[in-house]
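Beneath this line is the structure, given in structure tokens, with notes to follow.
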There are 4 protein chains.
Amino acid sequence: MNVFEEWESNVRSYCRTFSDVYSSAKDSVMVAENGKRYIDFFAGAGALNYGHNNAYIKRKIMDYLENDGVIHGLDMFTKAKQAFIETFQREVLAPGRYPYKMQFCGPTGTNAVEASIKLARKVTGRTGVFSFMGGFHGMSLGSLALTGNLYNRAGAGVPLSHVTFMPYPYGFMDTFDTIAYMEAVLTDENSGIEKPAAIIFETVQAEGGVIVAPVEWMRRLSALCERHGILLICDDIQAGCGRTGTFFSFERAGIVPDLVILSKSIGGYGLPMSLVLMKPELDIWHPGEHNGTFRGNQLAFIGGTAALEYRKQVNLEQEVAAKAAFLDSFLHKEIAPLDANIQIRGIGMIWGIDVSNLTDKAISKKIVAECYERGLIIERAGRGDTVIKIMPPLNIETELLMQGMAIIKTSMQKFCAQEVCSERQGVYA
Amino acid sequence: MNVFEEWESNVRSYCRTFSDVYSSAKDSVMVAENGKRYIDFFAGAGALNYGHNNAYIKRKIMDYLENDGVIHGLDMFTKAKQAFIETFQREVLAPGRYPYKMQFCGPTGTNAVEASIKLARKVTGRTGVFSFMGGFHGMSLGSLALTGNLYNRAGAGVPLSHVTFMPYPYGFMDTFDTIAYMEAVLTDENSGIEKPAAIIFETVQAEGGVIVAPVEWMRRLSALCERHGILLICDDIQAGCGRTGTFFSFERAGIVPDLVILSKSIGGYGLPMSLVLMKPELDIWHPGEHNGTFRGNQLAFIGGTAALEYRKQVNLEQEVAAKAAFLDSFLHKEIAPLDANIQIRGIGMIWGIDVSNLTDKAISKKIVAECYERGLIIERAGRGDTVIKIMPPLNIETELLMQGMAIIKTSMQKFCAQEVCSERQGVYA
Amino acid sequence: MNVFEEWESNVRSYCRTFSDVYSSAKDSVMVAENGKRYIDFFAGAGALNYGHNNAYIKRKIMDYLENDGVIHGLDMFTKAKQAFIETFQREVLAPGRYPYKMQFCGPTGTNAVEASIKLARKVTGRTGVFSFMGGFHGMSLGSLALTGNLYNRAGAGVPLSHVTFMPYPYGFMDTFDTIAYMEAVLTDENSGIEKPAAIIFETVQAEGGVIVAPVEWMRRLSALCERHGILLICDDIQAGCGRTGTFFSFERAGIVPDLVILSKSIGGYGLPMSLVLMKPELDIWHPGEHNGTFRGNQLAFIGGTAALEYRKQVNLEQEVAAKAAFLDSFLHKEIAPLDANIQIRGIGMIWGIDVSNLTDKAISKKIVAECYERGLIIERAGRGDTVIKIMPPLNIETELLMQGMAIIKTSMQKFCAQEVCSERQGVYA
Amino acid sequence: MNVFEEWESNVRSYCRTFSDVYSSAKDSVMVAENGKRYIDFFAGAGALNYGHNNAYIKRKIMDYLENDGVIHGLDMFTKAKQAFIETFQREVLAPGRYPYKMQFCGPTGTNAVEASIKLARKVTGRTGVFSFMGGFHGMSLGSLALTGNLYNRAGAGVPLSHVTFMPYPYGFMDTFDTIAYMEAVLTDENSGIEKPAAIIFETVQAEGGVIVAPVEWMRRLSALCERHGILLICDDIQAGCGRTGTFFSFERAGIVPDLVILSKSIGGYGLPMSLVLMKPELDIWHPGEHNGTFRGNQLAFIGGTAALEYRKQVNLEQEVAAKAAFLDSFLHKEIAPLDANIQIRGIGMIWGIDVSNLTDKAISKKIVAECYERGLIIERAGRGDTVIKIMPPLNIETELLMQGMAIIKTSMQKFCAQEVCSERQGVYA
């Protein structure tokens with residue numbers, strides 16, 4: 001029995017799909033100890049938008065370590081934090097005229113989600129939160145209550161409270177006006193549903209199966225919140241930091257959420273970090289009211305600052321636009337035709353191949369295993385894990401991107417060929 | 001207005017006491033950008049047991065970075081994780097014959113606390129948890145429910161449920177048998193208090209004011225849990241990793257908790273990391289049932305592995321014993337006599353000077369400010385922040401340790417001299 | 001100041017609309033101490049389906065008292081209880097081939113609602129309950145959680161948990177398929193909504209504004225519950241006991257709910273009583289697991305038994321059918337034409353005149369006051385209290401019924417005449 | 001199979017001990033259909049303080065019915081309610097200078113408990129309530145949360161929240177100062193226990209095993225509440241209405257709780273009724289904020305008014321004093337000597353014979369069965385149902401009282417004789 005099976009908890013998960021032991025990684029390639037190389041279309045679940053060991057960021061981190069920069073400083077003032085704040089302000093907030101102040105949380109996404117709902121409750125004096133079916137916001141008790149996945153929720157061991165789930169415009173729920181539904185609930189004195197402190201949403205439900213919220217829906221959601229005095233929280237942990245084409249994923253809708261949550265790629269180098277952005281008038285925190293030993297991870301400040309510099313330097317947004325166009329085209333032209341029941345969804349550099357309507361209910365698992373065999377790390381998401389999620393580093397070399405897509409096509413062909421290619425059947429038509 | 005005041009949330013806390021901007025740090029000294037040097041008796045709230053930028057650990061981290069080791073790998077298998085597991089098993093678990101399996105959580109203490117109570121609920125099928133008055137376990141919703149501090153609890157914005165607070169042997173609560181109290185509750189079919197899934201405790205309530213649980217009390221607590229089929233969870237986040245003299249702080253009682261939570265210094269270098277240790281029969285997690293993007297922080301694995309090596313190499317336990325004796329002696333002989341109402345509590349290298357019974361209710365704040373002025377970073381804890389908490393890196397140079405203690409004495413003399421030195425009045429005597 | 005204002009709590013409510021002091025009542029007429037007589041279209045909120053001091057029932061109650069029958073017997077066996085059980089079984093259950101067992105609860109509707117959801121949770125091992133927007137189920141904490149009215153909910157002082165509100169086919173919610181909505185929620189592993197123990201519903205939302213569930217909707221609801229192993233609870237407190245034309249209000253849909261809750265008119269004479277009917281396989285209660293001092297109100301058993309006899313004797317169902325036809329006709333032909341925006345809803349002998357779309361937002365209050373002035377007691381219900389609810393005793397003399405309706409018409413004419421009679425405007429058209 | 005077994009839910013309870021079918025009852029005697037007569041030492045669990053079918057009260061009720069008095073009137077003004085309010089004010093409140101206003105709730109004790117904690121939460125803006133171990137307050141969700149009995153609590157099917165159980169001065173909990181314990185909790189900013197809205201208590205824990213709170217304890221409890229701005233709620237449902245010697249059971253302590261809950265005997269004739277008394281400044285209810293169809297049970301108003309008249313007429317308090325003295329003497333002189341381990345507890349006309357320390361763990365059940373066989377209805381209470389509870393009607397004829405006590409003695413002798421009469425062993429002495 002190996003060391004992992006013997007001593008690591010059964011909770012381990014991704015290693016069951018990607019079963020090699022990895023020793024190093026560079027840019028968009030991971031290398032196993034046996035020497036096998038993998039193209040990485042998973043990118044640390046979105047934490048590696050700038051690739052593994054990005055050379056520019058690495059240099060900054062090495063320098064900082066070399067000079068004995070402060071590695072752990074709780075929420076004391078440090079040069080590293082100062083640089084991050086200034087850079088984030090200059091590169092992200094100022095250009096978009098976003099008025100946000102920053103709260104550095106314990107360096108995980110879930111911690112920032114917890115902080116944001118605490119603050120929303122504190123500001124409004126209300127307890128409830130609306131979250132969306134299909135949404136994923138984390139595993140600590142407060143965040144888990146906001147997460148739609150029943151498998152994960154069952155892990156809580158206690159009923160999860162103070163949250164009302166609302167329909168996200170997808171599947172059957174997209175057959176009626178979900179914003180009007182919320183409006184009806186909020187204006188009905190007999191609805192049984194108290195006005196919430198906040199509505200938390202993702203512009204792209206990544207774990208939920210790469211479901212992209214329409215721009216108009218987001219605008220109406222924002223207007224609804226404003227109309228009712230409800231705080232709008234955008235959980236931009238996975239879709240933010242440039243993944244959808246702009247730094248914030250909600251930019252395409254022209255809205256300004258009251259609170260924004262960032263994590264994953266905000267630290268630049270895959271180092272733990274999280275951030276709550278809040279409109280300044282909401283910043284009614286008392287000192288230390290929400291705290292944590294590792295809040296303000298200094299090395300991540302260095303990585304995050306470097307990443308923002310790098311992003312600008314290489315004109316990453318433009319690069320993403322080009323790759324997004326390639327992905328869009330390839331998926332619709334090369335992948336979709338493999339089976340009439342395949343659905344393609346996505347934006348920027350996050351795409352899903354939805355095979356849930358195919359006859360073989362295990363096909364997504366088979367495809368991903370085949371891809372892995374062929375040297376591609378790619379993950380599944382969505383209901384029944386039936387959506388193959390394409391999420392490479394944003395700066396992936398074009399050749400590798402094409403290579404990866406080719407592997408997907410080849411892998412899918414192997415199993416789709418065995419399908420009786422029925423006519424596309426609209427589920428809710 | 002400076003960058004922090006303008007853009008960082010008001011939630012920032014320690015920077016209000018330690019108001020310099022820090023640029024670097026080495027071993028037990030932090031250096032501000034203005035060049036001022038501070039002896040660090042705070043040690044990252046216990047995350048820096050091996051000091052800032054410990055040279056041995058730094059070398060390993062630099063090498064790993066240099067070689068493009070995997071920095072972010074979710075819970076995939078990596079060489080870094082493998083090395084940590086093997087080392088922890090060899091250096092810590094095997095010698096103590098601890099049977100634990102390891103779960104790597106989102107790299108914050110609170111996340112591991114959340115995981116441990118989830119698992120306890122899952123294993124037992126019960127919902128309640130007993131926690132102790134004065135206990136501190138974190139800020140996410142599940143952990144906050146276990147935390148005694150009402151100021152922090154109020155931040156939740158929702159009632160905190162599924163937890164019953166039990167008396168910790170301190171103050172009035174130490175005037176009766178708290179274990180017998182729990183026994184009475186658990187055997188009374190009319191107590192209104194359901195048998196809990198778990199009891200979570202700290203062997204030293206650090207944030208609670210450096211309150212050290214008696215060995216006999218811990219043994220009886222452990223026996224109580226066994227008798228009733230309740231899981232015993234030791235939150236060893238602050239007191240663990242050698243702080244009290246042994247690696248686990250509960251070793252002095254000879255007990256083996258069902259679950260142990262580690263964080264803070266477990267990553268060795270101040271890098272975010274957390275760990276749940278569980279008896280193997282409790283490991284009924286389903287894959288990915290509790291998860292998180294940054295679980296298994298690779299660089300912290302490197303730092304943690306190096307720290308365990310370092311610890312052995314320098315025979316740190318022996319070093320701590322000597323310093324503990326010095327602290328014990330100095331505090332009782334030099335500090336206690338300053339005022340008859342001063343109370344000294346502590347063990348190993350965590351000590352508290354309790355000035356809550358002194359006439360001047362603001363004296364702890366003044367002392368700490370004076371220390372800072374004189375070049376010593378030291379924090380307050382406990383009810384009303386009236387306990388001065390001494391918690392230097394375990395490997396602090398003896399000279400610096402003595403220097404720091406001298407600063408405390410000088411600072412206290414300044415304010416205690418102004419006190420009418422009344423006779424010591426035992427509050428519950 | 002009078003005795004009520006001085007000594008009775010401000011919580012008093014109906015006396016603010018019907019401000020006389022009442023001394024006696026007979027059949028469908030209440031008499032104030034000043035001698036003024038009122039036709040009663042309120043019928044004790046449905047507790048007086050057989051009228052005030054029904055002569056037949058009265059005789060039985062007087063006899064019982066005269067003979068020192070047991071008045072209070074907790075849940076001991078009594079002749080009174082025996083007679084009720086046998087009569088209810090013979091007159092109600094057997095004819096409809098309903099398999100129910102009976103639980104006599106603390107004699108209020110809310111107590112029976114509490115018992116039913118306890119049992120549903122116990123049987124299924126699940127915690128959640130689906131309730132419907134607009135539903136009203138009582139004021140104790142468990143029932144209040146199921147009640148849609150936000151004004152009443154706010155009285156709880158704590159968040160109300162373990163309930164999910166579902167759309168009832170009314171207003172905007174009727175623009176989409178609410179059964180399909182629930183199906184979608186229940187089959188979506190990512191919905192965030194756990195499968196509930198039960199769905200509780202009213203066939204007519206009386207307090208909600210006299211909203212009548214379509215027969216097909218009820219059938220599909222019942223099928224949904226069966227498909228998912230969810231218990232269906234019919235709260236028949238107000239609509240049951242013959243109000244809609246049949247004894248149980250769900251008879252028209254041909255369904256057999258797993259649990260049925262009766263109260264109000266089940267005691268026959270306006271005496272407190274409540275009942276849970278349960279399919280026998282659900283009767284897993286332990287002795288005394290749910291209890292209460294006044295459960296099984298003996299005098300109400302006598303009244304309830306007599307009422308069932310009376311009901312048969314006078315062929316009440318046939319009588320109701322005739323009056324229902326009259327009400328239907330009168331409301332549509334005489335009342336609806338008063339304003340194009342008036343909506344008429346109802347069934348059997350419960351009807352609502354919905355004036356919410358009229359320009360004058362206070363009109364319902366004015367109409368009801370005018371009716372009272374003219375000698376008619378009639379109550380408002382629904383959102384904003386904009387629905388005038390017609391609910392006379394089932395055995396009201398036809399002349400009084402017509403007289404009462406005439407008063408309504410006259411009263412409405414007074415205020416509707418002042419309205420600009422705009423064209424009917426469909427709200428959701 | 002009989003009608004009860006076939007059609008009544010398994011939840012039925014007392015009928016399992018007192019298995020006859022009862023047909024009539026008069027004063028302190030119940031008569032079974034087979035003609036067997038039983039002395040009633042149970043008195044409807046305290047609802048029949050004035051005996052079954054009390055002649056004086058009966059006359060008033062018959063008259064009211066005869067004259068077609070209003071039987072059901074929701075919370076409208078009626079002559080019956082007016083008379084009750086005036087009489088209660090004149091006979092109870094005014095003499096004791098109690099300033100209370102009255103709220104008539106759904107006519108069950110649990111409903112009034114629910115109303116009182118709602119109001120306490122509303123007034124204070126806090127959510128928590130302190131209740132006492134051993135306390136019993138009802139079965140609806142809010143009241144059940146306050147009830148200590150774990151068997152009953154388990155029936156909820158959901159975790160019961162917002163309540164903290166405090167030690168009542170009994171058993172181990174009486175070995176330390178429970179008021180000082182609460183004081184310590186309330187003044188400890190780190191206790192994890194938020195200041196509650198209210199503390200609810202019984203002066204005699206009847207269901208808990210007839211545990212009588214010391215006068216000094218009640219005074220200190222009241223002072224504690226005042227000091228901290230916590231509302232004190234006395235649940236006087238079972239111990240009130242004269243049971244302990246005075247009308248309110250707390251009179252002996254000279255305290256004035258902020259809220260008092262009455263039910264059981266308040267309706268005089270065993271008819272359902274409940275009442276919340278509140279200091280006038282607490283009466284911030286909005287109209288109808290707490291409601292219920294049967295609130296203000298008119299026939300119970302008649303019964304309650306008559307009972308207060310009767311009470312005065314026969315000088316019931318004096319009668320109770322004499323009988324209390326007899327019971328005290330008999331129990332200590334005749335019963336206690338039967339076994340050194342018997343404990344006697346009680347006050348006024350509620351007494352408990354605690355046989356929990358006797359060797360035979362089933363002895364209480366045997367004694368009660370033997371009593372029943374011999375024509376005495378008497379119930380058990382307390383932990384493990386090991387306390388024989390003596391609670392006859394207050395106006396029981398002396399001869400019947402003595403007869404009943406003799407039956408108890410005889411019955412106990414049968415089983416105690418089989419005991420090895422060991423020396424009395426104080427459990428906590």
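The basis for the numbers below is simple: all heavy atoms, side chains too, and nothing from hydrogens, waters or symmetry mates. Here the structure is a predicted model, which means the values were calculated and not measured.
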Checking salt bridge (Lys or Arg N to Asp or Glu O under 4.0 Å) for the pair D:Lys118/D:Glu289: CA distance, chi angles, key distance, verdict? CA-CA 10 Å; D:Lys118 273 190 187 179; D:Glu289 202 173 359; over 6 Å; no
With only heavy atoms counted, which part of C:Met278 is less than 4.5 Å from chain D, the side chain, the backbone, both or neither? side chain
Name the member of D:Gly155, D:Ala154, D:Gly125 that forms the most heavy-atom pairs with chain C at distances under 4.5 Å. D:Gly155
Heavy-atom distance under 4.5 Å to chain D: side chain of C:Asp20, backbone, both or neither? backbone
Taking the side chain from D:Thr147 and the backbone from D:Gly138, do they hold a donor-acceptor pair closer than 3.5 Å? yes
Top residue by heavy-atom pair count (under 4.5 Å) with chain C, among D:Lys122, D:Gln103, D:Glu33, D:Gln89? D:Gln89
Picking from D:Pro107, D:Gly106, D:Gly73, which has the most non-hydrogen pairs under 4.5 angstrom with chain C? D:Pro107
Point-to-point distance, once rounded to the nearest 0.5 Å, from CH2 of C:Trp7 to CD of D:Glu86: 11.0 Å
Between C:Glu114 and C:Leu141, which heavy-atom pair has the shortest distance, and what is it? OE2-N, 3.6 Å
Region of C:Leu271 in contact with chain D, defined by heavy-atom distances below 4.5 Å: both
Heavy-atom proximity to chain D below 4.5 Å, by part of C:Arg12: both
Side chain from CB out, backbone as N, CA, C, O: work out which of these in D:Phe88 comes under 4.5 Å of a heavy atom of chain C, or both, or neither. neither
The interface call for D:His162 against chain C, heavy-atom contacts under 4.5 Å, is side chain
Drop me the distance from C:Met76's CE to D:Thr17's OG1, to the nearest 0.5 angstrom. 9.5 Å
Output yes when a side-chain donor or acceptor of C:Ser265 lies under 3.5 Å from a complementary backbone atom of C:Gly46, and no otherwise. yes
Where on D:Ile61 is there a heavy atom nearer than 4.5 Å to chain C: the side chain, the backbone, both, or neither? side chain
Kindly compute the distance separating CE (D:Met139) from SG (C:Cys105), expressed to the nearest 0.5 Å. 12.5 Å
D:Phe4 and its ring-ring contact (aromatic ring centres under 6.0 Å, His included) partner, picked from C:Phe77, C:Phe104, C:Phe84: C:Phe77
Closest contact, heavy atoms only, C:Tyr14 versus D:Asp75: N-OD1, 2.8 Å
Considering only heavy atoms, which portion of C:Asn10 lies under 4.5 Å from any heavy atom of chain D: side chain, backbone, both, or neither? both
What part of C:Phe136 gets within 4.5 angstrom of chain D, counting heavy atoms only: side chain, backbone, both, or neither? side chain
Straight-line distance of D:Ser143 OG to D:Asn152 CG, nearest 0.5 Å: 12.0 Å
Interatomic distance, OG1@D:Thr110 vs CG@C:Asn291, rounded to 0.5 Å, equals 9.5 Å
Sort out for me which of C:Arg121, C:Met62, C:Glu8 touches chain D most, counting heavy-atom pairs under 4.5 Å. C:Glu8
Quick one: what part of D:Ile71 sits under 4.5 Å from any heavy atom of chain C, side chain, backbone, both or neither? both
Against chain D, label C:Leu299 side chain, backbone, both or neither, depending on which of its atoms sit under 4.5 Å from a heavy atom there. side chain
Between C:Gly142, C:Ala120, C:Gly109, the one whose heavy-atom pairs under 4.5 Å with chain D are most numerous: C:Gly142
Under a 4.5 Å cutoff for heavy-atom pairs, which residue among D:Arg153, D:Lys264, D:Arg126 has the most contacts with chain C? D:Lys264
Chain D contact via C:Ala45 - which portion, at a heavy-atom distance below 4.5 Å: both
Please lay out, stage by stage, how C:Tyr269 and C:Asn53 fare under the test side chain to side chain donor-acceptor pair (under 3.5 Å). CA-CA 7 Å; C:Tyr269 204 66; C:Asn53 288 296; 2.6 Å; yes
Test of ring centre spacing under 6.0 Å for D:Tyr38 and D:Phe18: no
Where does C:His52 contact chain D at under 4.5 Å (heavy atoms): side chain, backbone, both or neither? side chain
Answer key: most heavy-atom pairs under 4.5 Å with chain C among D:Ala300, D:Ala156, D:Gly296 is D:Ala156
Using a 4.5 angstrom heavy-atom cutoff, name the option from C:Ser9, C:Pro159, C:Ser13, C:Ala80 with the most pairs to chain D. C:Ser9
Cut-off 3.5 Å, side chains only: do C:Ser24 and D:Asp68 have a donor facing an acceptor? no
Proximity breakdown for C:Glu66 and chain D, heavy-atom pairs closer than 4.5 Å: both
Chain C contact via D:Pro280 - which portion, at a heavy-atom distance below 4.5 Å: neither
Select one option (side chain, backbone, both, neither) describing which atoms of C:Asn67 are under 4.5 Å from chain D's heavy atoms. backbone
At a heavy-atom distance under 4.5 Å, which candidate from D:Leu74, D:Thr124, D:Asp40, D:Thr127 has the highest pair count against chain C? D:Leu74
Out of curiosity, C:Leu65 CG to C:Gln298 CD, how far, rounded to the nearest 0.5 Å? 12.0 Å
Portion of C:His286 that has a non-hydrogen atom of chain D nearer than 4.5 angstrom: both
Toward chain D, the part of C:Phe42 with a non-hydrogen atom under 4.5 Å: side chain
Is C:Ser19 in contact with chain D via its backbone, its side chain, both, or neither, using a 4.5 Å heavy-atom distance? backbone
Structural part of D:Met30 lying under 4.5 Å from a heavy atom of chain C: side chain
Taking every non-hydrogen atom, the tightest pair across C:Val113 and C:Ser116: O-OG, 2.8 Å
